[in-house]
Visitor: 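I have a structure I would like to understand better, so I am pasting it below and will then ask my questions one at a time.
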Amino acid sequence: MSNASVETRPNSQLAAPDPQQPEPGAPENWRRFFSFSTDHKVIGIQYIVTAFVFFLFGGLLAMVMRGELITPDADLVDRTVYNGLFTMHGTIMLFMWTFPMLNGLANYLVPLMIGARDMAFPRLNAIAFWLVPIFGVILTASFFVPGGPSQSGWWAYPPVSLQNPTGNLINGQSLWLVAVALSGVSSIMGAVNIVTTIFRMRAPGMGWFKMPAFVWTVFSAQIIQLIGLPALTAGAVMLLLDLTTGTSFFDPVKGGDPVLYQHFFWFYSHPAVYVIVLPIFGVFSEIFPVYARKPLFGYKVVVVSSLLITVLSLVVWVHHMFASGTPGWMRMLFMFSTMAISIPTGIKVFAWVATVWGGKLRLTSAMLFGLGGLSTFLFAGITGIMLSSAPFDIHVNNTYFVVGHFHYVINGAVVMGFYAAIYHWFPKMTGRMYYEGLGKLHFALTFIGINLIFLPMHPLGLMGMPRRVASYDPEFAFWNVIASLGGFLLGVSTLPFILNMLSSWTRGEQAGDNPWRAIGLEWLVSSPPPHENFEEIPIIVSPPYGYGSDEPLVSNNPKGTFEESAASTQIANLAGEAN
Amino acid sequence: MSSVNVNVKPDPTLNSQAAHSHEEEDHRMFGFIVFLLSESVIFFSFFVGYIVYKTNATDWLPAGFEGLEIKEPLINTVVLVSSSFVIYFAERFLHKENLWGFRLFWLLTMAMGSFFLYGQAVEWMGLPFGFKDGVFGGTFYLLTGFHGLHVLTGVLLQGLMLGRSFLPNNYEEGEFGVEATSLFWHFVDVIWIVLFLLIYVWR
Amino acid sequence: MATNDQRTTDLNKVLNRRRIINLTGLAIANLLISLWMGQQAYSWLPPQASAESILIDKLFSFMTAVGTFIFNGVVGTLLYSVLFQRAAKYDPSDGPPIEGNVKLEIIWTGIPILLILWIGTVSYQTYDQMGILGSMTQKTMETVETVPAEPTQKVATSVEESATSAPIEVHSRQWAWEFRYPKEGVSSTELHLPVNQRAKFKLTSEDVIHGFFVPAFRVKQDIIPGKEIDFSFTPIREGRYRLRDSLYSGTYFAANQTDVVVESEAAYQKWLQTAAKTTPTAAANVAQTEFAQAEKTSVSLGWATVKPAPAPIVNYSNQPNTSQPTPQFEEEPHE
Ligand code: HEA
Ligand code: HEA
Ligand code: CUA
Ligand SMILES: [Cu+2]
């Protein structure tokens with residue numbers, strides 16, 4: 001029997017929602033999402049919705065790109081436009097979709113999961129969020145300045161990024177740099193806030209090894225932000241100075257060193273991919289136990305491996321520069337350090353498999369997306385290890401093999417993990433249930449779409465098709481046509497999701513506090529949780545994921561009224577035992 | 001409830017949140033330290049860049065330039081480093097609730113900081129090269145300028161804290177502002193020492 | 001609360017003898033499939049036209065086999081769970097409360113360690129051999145008698161040092177390739193190489209970073225402006241292959257391609273002599289053509305671009321004067 005709601009109301013998940021709870025979706029309720037709110041839950045949803053809008057925008061650009069690539073010639077759009085499109089696609093997807101989206105999840109979930117009433121710095125939190133639409137507008141505005149947006153790829157490697165054909169001070173590239181810098185400021189604010197919150201605001205009893213795995217992964221990811229982002233900022237400042245004032249840090253004509261920029265860039269942008277994927281690992285760790293009804297296998301090792309990934313991620317960046325005139329010893333060193341990442345990651349993957357194994361599986365939309373995301377991640381991880389092998393990477397570097405690798409993880413694991421998270425916590429966030437049928441349709445289309453578009457990129461890369469090309473030799477046409485069709489299918493797959501979210505939010509069935517019978521502090525409060533989350537700060541007495549055993553999670557009732565009951569004496573005994 | 005609490009031993013280092021207050025105060029210093037650690041990575045990156053440029057350059061100094069004068073910068077360094085001690089005494093006075101002692105030493109720190117900025121400006125004016133003169137010019141002005149910006153920020157913050165010390169009941173909710181400013185000042189100081197060694201001492 | 005004993009028995013139940021036998025059977029099946037995939041891997045790659053390509057393909061085949069094995073193992077297990085371990089519709093109960101198992105965890109920390117040591121070592125050896133072959137720029141270029149790894153290849157047993165071993169100068173720019181044979185005084189937009197001889201290059205760029213990439217040779221090197229980069233490899237198969245710019249270099253990056261012709265020593269010498277006698281002319285250049293076309297149209301459909309550098313003036317050029325790149329990937333043996 002699950003003990004998820006052992007405390008006072010064993011049936012609370014069936015109970016009607018708290019009458020005091022404002023009607024979700026009622027007008028006075030949705031308005032606050034457009035206001036300067038300091039409630040972490042409002043900010044979380046603001047982040048997620050804003051990020052998703054940018055995902056659609058970035059995706060739309062990708063649709064045009066796939067339209068161009070369906071034939072070998074550069075015929076749909078001008079070459080300059082194609083180059084601007086993939087630059088903006090990559091930038092938007094990373095800086096305005098993944099980071100804000102994950103900050104949104106972290107914002108919404110972390111205080112709830114650690115038993116805090118809000119983040120450590122609610123106002124800073126709100127400011128960090130409102131920077132997102134600001135730099136979003138700046139980035140979008142760069143489409144309309146003379147000369148168009150940045151066309152130097154999301155790496156903005158000099159000297160290409162310094163060429164500035166318009167000669168204007170305000171050009172696509174400088175706006176791009178300003179937007180990326182602001183995004184960095186926002187991320188640092190968020191990171192300081194989240195790290196402080198996790199360090200200092202855990203509810204009594206919540207030691208490090210009682211923290212849910214999601215909180216651990218968010219923590220590990222934000223540490224990376226704190227260490228890595230300043231390096232990118234340093235590089236971006238120097239690039240901006242080169243571009244606007246004529247210094248010569250990266251300009252080889254004047255003695256600068258363009259490869260140094262590459263080091264600055266990848267010192268951050270490599271770890272950034274783990275900033276992106278770590279919280280998704282957390283989502284997997286939360287979701288598999290719930291829908292397999294088993295504890296997370298090897299919890300301690302799984303959470304500690306997140307920190308190992310953090311540390312390792314800081315020492316592998318040169319694997320993006322194997323072909324950049326990197327000396328042989330460096331190639332070998334970074335080859336081995338990169339491969340080492342598969343150890344902590346492997347621990348996680350095997351632990352998830354063991355969690356699912358022998359469980360009582362329920363294939364809800366969240367679970368399907370979780371399992372789908374895990375399998376695409378595995379595929380991407382294996383191609384990642386291939387890429388880390390320097391001699392092989394020299395062949396496929398800057399080909400579609402790399403594009404295939406990272407979309408498998410970033411579009412496969414991360415986007416699917418994001419969907420899994422949304423389906424899983426949607427009832428908590430809105431108080432409503434989504435439509436399972438639409439969710440499954442969404443999964444099927446997404447999964448097929450992803451494999452159709454990104455699998456063909458691997459043979460393309462192996463055959464030698466470079467990335468970032470608007471035209472290509474006809475021998476590559478076959479796989480590109482399939483990829484484009486898969487891409488359009490992937491575009492269409494977002495429609496059932498949007499439909500599902502909009503209609504469920506306004507008119508879905510009432511969800512109750514804990515529709516999945518999940519264990520976790522967030523499931524002990526009403527859906528959606530009240531302002532300041534907990535009436536009483538919970539006192540945690542057991543580790544997370546107590547599926548199949550009868551240990552209660554807390555010794556009081558965070559929702560408020562706690563009645564002296566048989567349960568409480570049992571709790572007391574267990575608490576003593578647990579120590 | 002009591003019967004339950006007896007058995008639970010909350011980690012004493014965790015703050016159990018008092019009902020319905022955000023307790024933002026308590027976390028500020030922690031958050032600020034996290035921020036400073038992160039910020040130090042920017043300087044670190046610039047330093048690494050400087051080292052890479054300098055060790056790889058074929059002709060490092062701009063043509064006709066012999067090298068940086070070390071005497072005035074050394075005086076500047078001594079002033080800035082000593083101001084770290086002065087600000088420490090200012091803080092001590094505040095803890096002992098000697099407000100005027102605090103203000104005096106605080107003002108002295110500000111004066112020393114301003115002297116440093118002035119010295120830096122004088123040095124800049126006298127240099128025969130600009131920030132566009134090769135990688136050396138660029139990194140020199142970038143490093144000293146970025147650091148100078150921090151000194152300026154420090155002095156401005158100190159001014160703010162000085163003004164606030166005249167507000168009644170200013171320290172009732174703790175001395176976070178003063179402590180943070182002082183920590184920031186030490187930070188700026190340590191950065192300068194590394195910077196000085198790299199730019200002026202390392203030939 | 002389940003005790004530790006209970007947990008162990010739960011685990012023993014999961015791992016009883018029959019299961020283990022079944023598992024071994026599945027593992028062997030997986031191994032066979034993986035080995036087969038490893039063999040397939042060769043067919044996903046372009047023709048093996050350089051000594052290096054043989055090494056790389058072997059490495060890739062090996063990694064494909066290992067990767068397939070891991071992928072099938074993990075996804076197969078997941079699929080089994082998904083198919084056979086579903087909860088009944090109205091079954092609210094939980095699964096067994098297994099929280100972990102130290103032995104298993106050690107095993108699956110150890111396996112990846114061993115695997116990456118293996119993959120890493122094989123990669124390292126491959127890299128080392130390539131260094132001897134000469135494609136690794138930073139290695140000191142000792143003159144080593146090179147024996148390609150696969151004796152089955154139609155390669156002269158020892159690759160003789162070419163008499164004309166002065167490095168070929170590769171000049172890259174936005175957006176054209178130009179190859180200069182300094183000794184013969186030949187310049188060309190098409191790269192000609194004699195078969196079975198180590199080809200040596202000096203790579204330079206006049207503006208931005210470009211990438212020297214010939215998929216059929218499995219070699220690639222970024223060309224950093226302001227530097228002169230030594231590069232070499234050994235073509236072993238006659239034919240015509242594509243040479244591509246691999247590092248994004250701006251507007252006409254996609255069109256910055258040309259051909260490499262690998263031919264017999266005799267044909268190569270003949271080509272050099274004929275080219276040397278030809279007066280240099282401006283080569284056709286896709287970037288130039290397209291840029292001029294775009295200049296002419298009154299409505300600009302594009303964004304700002306850097307103006308392409310003037311077309312190279314060369315003795316020999318083969319670039320067709322259209323925006324269509326030639327479909328010349330496949331290798332008709334060259335007479
Ligand atoms: C979230 C994003 C994400 C993640 C998680 C990863 C994960 C990994 N990536 Fe990837 N990568 C990107 C996003 C990501 N990557 C992006 C965006 C780029 C390109 C950027 C650009 O150029 O624009 C890129 C590019 C990239 C390159 C550069 C290629 C090139 O440009 O030439 C390399 C090279 O080493 C690499 C390697 C790896 C490795 C080894 C992992 C590892 O972390 C994978 C580890 C996981 C596993 C291995 C699977 C699970 C493990 C087991 C089951 C254990 C047993 C397995 C073995 C022993 C093999 N990646
Ligand atoms: C989080 C990161 C992320 C995500 C989610 C995606 C998602 C997608 N990407 Fe990705 N991509 C990158 C990050 C990402 N990408 C990066 C970093 C690069 C490198 C850039 C560089 O080289 O500088 C890149 C590059 C890149 C390329 C290579 C370009 C080149 O090198 O020339 C391609 C080509 O196909 C591509 C395609 C796609 C597609 C089809 C999707 C799809 O998933 C998109 C699907 C979503 C939608 C389509 C939503 C919109 C839907 C509608 C509005 C309704 C329906 C509309 C229609 C059917 C038309 N991307
Ligand atoms: Cu149409 Cu490319
Ligand atoms: Cu990386």
Side-chain angles (χ1 to χ4, degrees), chain A residues 2 78-81 84 147-148 153 159-160 163 165-166 252 292-295 297-298 301 323-325 327-328 336 339 342-343 346-347 350 353 356-362 375 378 382 386 389-392 394-395 397-398 459 462-464 466 468-471 473-475 547-549 551, chain C residues 1-2 14 44-46 56 59-60 63 67 70-71 74-75 77-78 81 85-87 94-97 99-100 105 108-109 112-113 116 120 123-124 126-127 130 136 138-139 208 211 215 218 220-222 224-226 229 244 246-251 254 301-306 325 327 329:
Chain A
S2 153
D78 188 80
R79 289 183 193 276
T80 53
V81 174
V160 170
Q163 285 191 315
T166 60
R293 306 227 61 80
K294 276 180 67 205
F297 198 96
V301 189
S324 313
F336 280 104
M339 287 183 177
S342 64
I343 299 163
I347 290 175
F350 293 130
V353 174
V356 170
W357 182 258
K360 303 221 167 182
L361 267 64
R362 223 168 283 272
S375 56
L378 186 66
I382 289 167
M386 292 176 173
S389 168
F392 174 67
I394 286 170
H395 174 52
N397 164 264
N398 277 320
L462 292 169
M463 288 158 73
R468 299 175 164 167
V469 291
S471 63
D473 290 355
E475 52 169 307
Y547 295 95
S549 53
E551 296 167 65
Chain C
M1 186 198 242
V14 177
W44 307 333
L45 291 154
I56 297 292
L59 173 65
F60 177 61
M63 291 194 298
I70 297 169
F71 186 80
V74 174
V75 171
T77 317
L78 279 178
S81 288
Q85 300 176 334
R86 303 256 280 278
D94 286 351
E99 283 176 4
E105 282 160 44
W108 69 49
T109 313
I113 294 180
I116 60 160
S123 303
Y124 182 83
T126 308
Y127 187 76
M130 286 173 71
M136 296 299 111
Q138 308 295 329
K139 288 258 176 183
V208 299
R218 318 283 190 276
K220 180 178 287 135
Q221 176 60 49
D222 289 2
I224 316 286
I229 296 175
R244 301 196 169 92
S246 58
L247 195 96
Y248 177 67
S249 58
T251 309
L301 295 171
W303 287 318
T305 173
V306 172
F329 170 72

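Order of the sequence lines sets the chain letters (A, B, ...), proteins ahead of strands, with each chain counted from 1. Computed from heavy atoms alone, side chains included, the values below leave out hydrogens, waters and symmetry copies.
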Visitor: Looking at A:Gly358 and C:Pro96, what are the two nearest heavy atoms and their distance?
Guide: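 Closest pair (atom of A:Gly358, atom of C:Pro96, distance): O-CD, 3.4 Å.
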Visitor: Determine the minimum heavy-atom distance between C:Trp303 and A:Gly147, stating which atoms define it.
Guide: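 In terms of heavy atoms, the two residues are closest at CB-O, 3.1 Å.
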Visitor: Could you give the distance from CG (C:Asp94) to NZ (A:Lys294), rounded to the nearest 0.5 Å?
Guide: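 Between C:Asp94 CG and A:Lys294 NZ, I get 11.5 Å after rounding to 0.5 Å.
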Visitor: Residues two or more places apart in sequence or in another chain: which of them pass ring pair (Phe, Tyr, Trp, His ring centres under 6.0 Å) with C:Phe71?
Guide: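 Counting only residues at least two positions away or on another chain, C:Phe71 forms a ring pair (Phe, Tyr, Trp, His ring centres under 6.0 Å) with A:Phe379.
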Visitor: Top residue by heavy-atom pair count (under 4.5 Å) with chain C, among A:Pro459, A:Gly346, A:Ala323, A:Ser375?
Guide: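 Maximum pair count with chain C is reached by A:Ala323.
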Visitor: Can you check whether A:Phe297 reaches C:Glu105 side chain to side chain, under 4.5 Å on heavy atoms?
Guide: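 Contact flag for A:Phe297/C:Glu105 side chains = yes.
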Visitor: Out of A:Gly298, A:Ala390, A:Gly84, A:Gly153, return the one with the most heavy atom pairs under 4.5 angstrom to chain C.
Guide: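 With the most close heavy-atom pairs to chain C, the winner is A:Gly298.
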Visitor: Checking A:Leu462 against chain C: side chain, backbone, both or neither under 4.5 Å from a heavy atom?
Guide: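 When you check distances to chain C, atoms from both the backbone and side chain of A:Leu462 fall under 4.5 Å.
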Visitor: Hey, does A:Leu361 have a side-chain heavy atom less than 4.5 Å from the side chain of C:Ser81?
Guide: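 Yes, side chains in contact.
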Visitor: State whether the side chain of C:Lys220 and the backbone N or O of A:His395 hold a donor-acceptor pair below 3.5 Å, judged by distance alone.
Guide: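 Yes, C:Lys220 side chain to A:His395 backbone: donor-acceptor pair under 3.5 Å.
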Visitor: Using 0.5 Å steps for rounding, measure from the CG atom of A:Asn398 to the OH atom of C:Tyr248.
Guide: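 Taking CG in A:Asn398 and OH in C:Tyr248, the distance rounds to 12.0 Å.
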Visitor: How long is the gap from NZ on A:Lys360 to CD on C:Gln85, to the nearest 0.5 Å?
Guide: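 Reported value, rounded in 0.5 Å steps: 11.0 Å.
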Visitor: For the CE atom of A:Met386 and the OG atom of C:Ser123, what is their distance to the nearest 0.5 Å?
Guide: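 That separation rounds to 10.5 Å.
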Visitor: Mind checking ring pair (Phe, Tyr, Trp, His ring centres under 6.0 Å) for C:Phe60 and listing every partner two or more places apart, or none if nothing turns up?
Guide: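 Counting only residues at least two positions away or on another chain, C:Phe60 forms a ring pair (Phe, Tyr, Trp, His ring centres under 6.0 Å) with A:Phe392.
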Visitor: Of the backbone (N, CA, C, O) and the side chain (C-beta and beyond), which part of A:Val301 lies under 4.5 Å from a heavy atom of chain C, both, or neither?
Guide: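 Just the side chain, heavy atoms under 4.5 Å.
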Visitor: Short question: side chain of C:Arg244, backbone of A:Pro466 - any donor-acceptor pair under 3.5 Å?
Guide: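 No: the side chain of C:Arg244 does not pair with the backbone of A:Pro466.
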Visitor: Heavy-atom pairs under 4.5 Å with chain A: which of C:Gly67, C:Gly120, C:Gly211 has the most?
Guide: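 Most heavy-atom pairs under 4.5 Å with chain A: C:Gly120.
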Visitor: Please report the shortest heavy-atom distance between C:Pro97 and A:Ser549, naming the atom on each side.
Guide: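 Scanning both residues completely, I find the closest heavy atoms to be CB-N, 4.3 Å.
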Visitor: Less than 4.5 Å to any heavy atom of chain A: does that hold for the side chain of C:Leu247, its backbone, both, or neither?
Guide: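 When you check distances to chain A, atoms from both the backbone and side chain of C:Leu247 fall under 4.5 Å.
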Visitor: Between C:Leu59 and A:Pro391, what is the shortest heavy-atom contact and its length?
Guide: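 Answer, listing the atom of C:Leu59 first, then A:Pro391: CD2-CG, 3.8 Å.
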Visitor: Got C:Thr305 and A:Pro165 here, is their nearest side-chain heavy-atom distance under 4.5 Å?
Guide: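 No, every pair of side-chain atoms sits at 4.5 Å or beyond.
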Visitor: Look up atom OG in A:Ser389 and atom CD1 in C:Ile56, then write down how far apart they are to the nearest 0.5 Å.
Guide: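 Output value for this atom pair is 7.5 Å.
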Visitor: To the nearest 0.5 angstrom, please state how far the CD1 atom of C:Ile116 sits from the CD1 atom of A:Ile343.
Guide: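 Answer for the CD1-CD1 pair, C:Ile116 versus A:Ile343, is 4.0 Å.
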